[in-house]
Amino acid sequence: MFDTIIIGAGFAGAVLAERLATQRQQRILVIDKRQHIGGNCYDRFDDHGVLIHQYGPHLFHTDNKDVFDYLSQFTQWQPYQHEVLAFIDGQKVPVPFNLNSLHSLLPASLADSLELKLIDHFGYGVKVPILELRNVDDKELKFLADFIYEKIFVNYTAKQWGKNPEDISPEVTGRVPVHISRDNRYFQDKYQAIPAQGYARVFQNMLNHPNISVMLNTDFKDVFKLDFDTTKMQFMQSEFTGQLIYTGLIDELFNSHFGELPYRSLAFKFEHLPVDQFQDKTTINYPNDYDFTRITEFKHINQQIVPGTTIVKEFPQAFERDNPKKNIPYYPIFTDENKLKLDRYLAFAEQFENITLVGRLAENRYYDMDDIVARALQVFNDMH
Ligand code: FAD
Ligand code: UDP
């Protein structure tokens, strides 16, 4: 009945479903174990009429025109430039740490001389990952690097990952580099905007096609069988000879054959408050205080005018497969040891010609939304 079965209705699955249905006239079945489409980008109105992101704040940003143009078929956009403050030593300062943060936190004469040194050493406008800044062979810059490391990174990373910054891939803290500039925005991408009617609507528009069927509340393991020896597949007890596109956990697909890969989970605590505004910016990070990492106030994102406001606090927690409160694998954990295990899975997957792995969980990559849309479009273009 179906040419392609897609596991997962996040961006990876939705882009491929849309492309294969509209450009190749394929009949597609999308399966997701959740009760909604959209994966982790899913948003909805809460009981108070505030548009919330159920799985944490999602801010779209990209330099990739193809991705922006592609998504623009399914939504109009509301311009939005994300800014984040971090609560440090009783003050709220811009993150990524920049020259404004420097001047807020350190005495004027010291900040002035460090600013000149930074510009002299790296150049104005340059972004320097904290782990690189710590390696600089200059006493004053080393002092600054240690200061930023201690105040911004070490405790936040301990909460978020249960690890030191050095013990995870440098790519992770490199996402938030020290920015030698006065630009307080979290991202500098050319296209920064929010879907005007929310993310869920984007997914509805992508999947609303006569060739696409969606099966929710269904774990693929309950309807799909994969024989590792023969590489044959079964869907609902019948042989399936089409293509499987899988966007879930790679270790789960292969029954943890090479051992389980580790993930990090989060608990989101939503609160509705009877005030118009709770905080100045959308997100405030708390590197050194409390057990949560950050608080996001949703009204800032969509500039909604409604009475009251809704915030969410993010509490990082261990991922536990069999615990319904901890079994969402929000982040793969990026360490050298896990990379070795992942490579064994990826090599094993090569022998399954009818299976394509794509997505943050299936490829175990720290993909942002634009990255995964670009990746899914590339996978589609590579298909014959
Ligand atoms: P997902 O969205 O995770 O979709 C995978 C789907 O597969 C899920 O719906 C899941 O239910 C389904 N699935 C898994 N296993 C099974 C199974 N066994 N059976 C059936 N279905 C299954 N990106 C940005 O660009 N900007 C941001 O601001 C941003 N903020 C983020 C904040 C948080 C807290 C997190 C966790 C991520 C954030 N991201 C952000 C990243 C963004 O969420 C991902 O890039 C995107 O969701 C990846 O899409 P995907 O399709 O690969 O995975
Ligand atoms: N980070 C930090 N302090 C901050 C912000 C980020 O230490 O105030 C580190 C932390 O390790 C985090 C990583 O940088 O996991 C990436 O941050 P980002 O905001 O990109 O994380 P995400 O939004 O993907 O959770």
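Every number for a ligand or one of its atoms is a count from 1 in the order of the listing.
Between F224 and F235, the ring planes lie tilted relative to each other; the angle falls in the 30° to 60° range.
For K190, the NZ atom sits in a loose shell: 12 or fewer heavy atoms of surrounding residues, nucleotides or ligands are nearer than 6.0 Å. The local environment of CG in D69 is crowded, with over 12 non-hydrogen atoms from other residues, nucleotides or ligands closer than 6.0 Å.
By the 4.5 Å heavy-atom criterion applied to side chains, Y290 and K313 are not counted as neighbours.
When only interatomic distances are considered, the shortest N/O to N/O separation between D370 and ligand 1 does not fall below 3.5 Å. Residue M369 has at least one nitrogen or oxygen atom sitting less than 3.5 Å from a nitrogen or oxygen atom of ligand 1, judged on distance alone. On a distance-only criterion, K33 and ligand 1 share at least one N/O pair closer than 3.5 Å. Checked against a 3.5 angstrom limit, the closest N/O atoms of D32 and ligand 1 fall inside it. Considering backbone and side-chain N/O atoms, H61 never comes within less than 3.5 Å of an N/O atom of ligand 1. Checked by distance only, ligand 1 and F220 come closer than 3.5 Å through their nitrogen or oxygen atoms. Considering backbone and side-chain N/O of R294, none are found under 3.5 Å from N/O of ligand 1. For a threshold of 3.5 Å applied to N or O pairs, the pair formed by N40 and ligand 1 contains at least one separation below that value. Checked against a 3.5 angstrom limit, the closest N/O atoms of F11 and ligand 1 fall inside it.
For residues 105-120, the pairs satisfying salt bridge (Lys or Arg N to Asp or Glu O under 4.0 Å) are E115-R182, K117-D138, K117-E140, with sequence neighbours left out. Pairs passing the salt bridge (Lys or Arg N to Asp or Glu O under 4.0 Å) check and including a residue from residues 357-368, sequence neighbours excluded, read R175-D368, E363-R375.
Atom 51 (O) of ligand 1 is approached by the protein to below 4.0 angstrom, counting heavy atoms only.
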What short N/O contacts, under 3.5 Å, does ligand 2 make with the protein, listed by atom pair and distance?
| from | atom 1 | to | atom 2 | distance (Å) |
| --- | --- | --- | --- | --- |
| ligand 2 | 3 (N) | I152 | O | 3.0 |
| ligand 2 | 7 (O) | I152 | O | 3.4 |
| ligand 2 | 7 (O) | F153 | O | 3.4 |
| ligand 2 | 7 (O) | T157 | OG1 | 3.2 |
| ligand 2 | 8 (O) | N285 | ND2 | 2.9 |
| ligand 2 | 11 (O) | T157 | OG1 | 2.9 |
| ligand 2 | 11 (O) | W161 | NE1 | 3.4 |
| ligand 2 | 15 (O) | W161 | NE1 | 2.8 |
| ligand 2 | 19 (O) | Y186 | OH | 2.5 |
| ligand 2 | 20 (O) | R175 | NE | 2.8 |
| ligand 2 | 20 (O) | R175 | NH2 | 3.2 |
| ligand 2 | 21 (O) | Y366 | OH | 3.3 |
| ligand 2 | 23 (O) | R294 | NH1 | 3.0 |
| ligand 2 | 23 (O) | R294 | NH2 | 3.4 |
| ligand 2 | 24 (O) | R175 | NH2 | 3.2 |
| ligand 2 | 24 (O) | Y366 | OH | 2.6 |
| ligand 2 | 25 (O) | R294 | NH2 | 3.3 |
| ligand 2 | 25 (O) | Y331 | OH | 2.5 |

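Heavy-atom proximity to Y367, at under 4.0 Å, picks out these atoms of ligand 1: 41 (C), 44 (C), 45 (O). Of all atoms in ligand 1, numbered sequentially from 1 with element shown, those under 4.0 Å from a heavy atom of P57 are 28 (O), 29 (C), 30 (N), 31 (C), 32 (C). Those atoms of ligand 1 with a heavy atom of G8 less than 4.0 angstrom away are 6 (C), 7 (O), 12 (C). Each of the atoms 47 (O) of ligand 1 lies under 4.0 Å from some heavy atom of C41. Below 4.0 Å from some heavy atom of Y331 lie the following atoms of ligand 1, by number and element: 33 (C), 34 (C). Atoms of ligand 1 lying under 4.0 Å from at least one heavy atom of T218, given by number and element, are 19 (N), 20 (C). For ligand 1, the atoms lying closer than 4.0 Å to a non-hydrogen atom of G359 are 52 (O). Remark: ligand 1 atoms within the under-4.0 Å shell around heavy atoms of T247 are 5 (C), 7 (O).
Remark: T231 pairs with no residue by the side chain to side chain donor-acceptor pair (under 3.5 Å) rule, at least two apart or across chains.
Heavy atoms of E252 found under 4.0 angstrom from ligand 1 belong exclusively to the side chain.
Of all protein heavy atoms, the one closest to atom 26 (N) of ligand 1 is L59 O, 2.9 Å.
By the 4.0 Å heavy-atom criterion, Y42 is excluded from the residues contacting ligand 1. Ligand 1 lies nowhere less than 4.0 angstrom from a heavy atom belonging to F60. Residue contacts with ligand 1 do not include D371, since none of its heavy atoms lies under 4.0 Å from the ligand.
For the ring pair (Phe, Tyr, Trp, His ring centres under 6.0 Å) test with Y263, the passing option among Y330, Y331, F319 is F319; the others fail.
The residues D183 and R185 are annotated as salt-bridged, a charged nitrogen and a carboxylate oxygen being separated by less than 4.0 angstrom. Between D3 and R27 a salt bridge is recorded (basic side-chain N to carboxylate O distance below 4.0 Å).
Which of T283, I372, L361 comes nearest to atom 48 (C) of ligand 1 through a heavy atom is settled by distance: it is I372. For atom 14 (C) of ligand 1, the candidate residues are G248, A9, G10, G56; the nearest heavy-atom contact is made by G248.
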Go through it in stages, so that I can follow the logic: the residues are K159 and D291, the test is salt bridge (charged side-chain N to carboxylate O under 4.0 Å, His left out), and I'd like the CA-CA distance, side-chain angles, deciding distance and then a yes or no. CA-CA 7 Å; K159 278 195 254 187; D291 294 335; over 6 Å; no
Does the pair F268 and Y55 meet the rule for a ring-ring contact (aromatic ring centres under 6.0 Å, His included), with working shown? CA-CA 7 Å; F268 292 104; Y55 305 99; 7.2 Å; no
Please assess F11 against Y367 for the test ring-ring contact (aromatic ring centres under 6.0 Å, His included), listing each intermediate value before the final yes or no. CA-CA 11 Å; F11 265 126; Y367 284 137; over 10 Å; no
Is there a ring-ring contact (aromatic ring centres under 6.0 Å, His included) between W77 and Y191? Walk through the geometry before answering. CA-CA 10 Å; W77 299 97; Y191 305 95; 9.0 Å; no
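Geometrically, R134 does not engage F153 in a cation-pi contact defined by less than 6.0 Å to the ring centre and at most 45° from the axis.
Side chain of Y286 to backbone of I295: no donor-acceptor contact under 3.5 angstrom is found.
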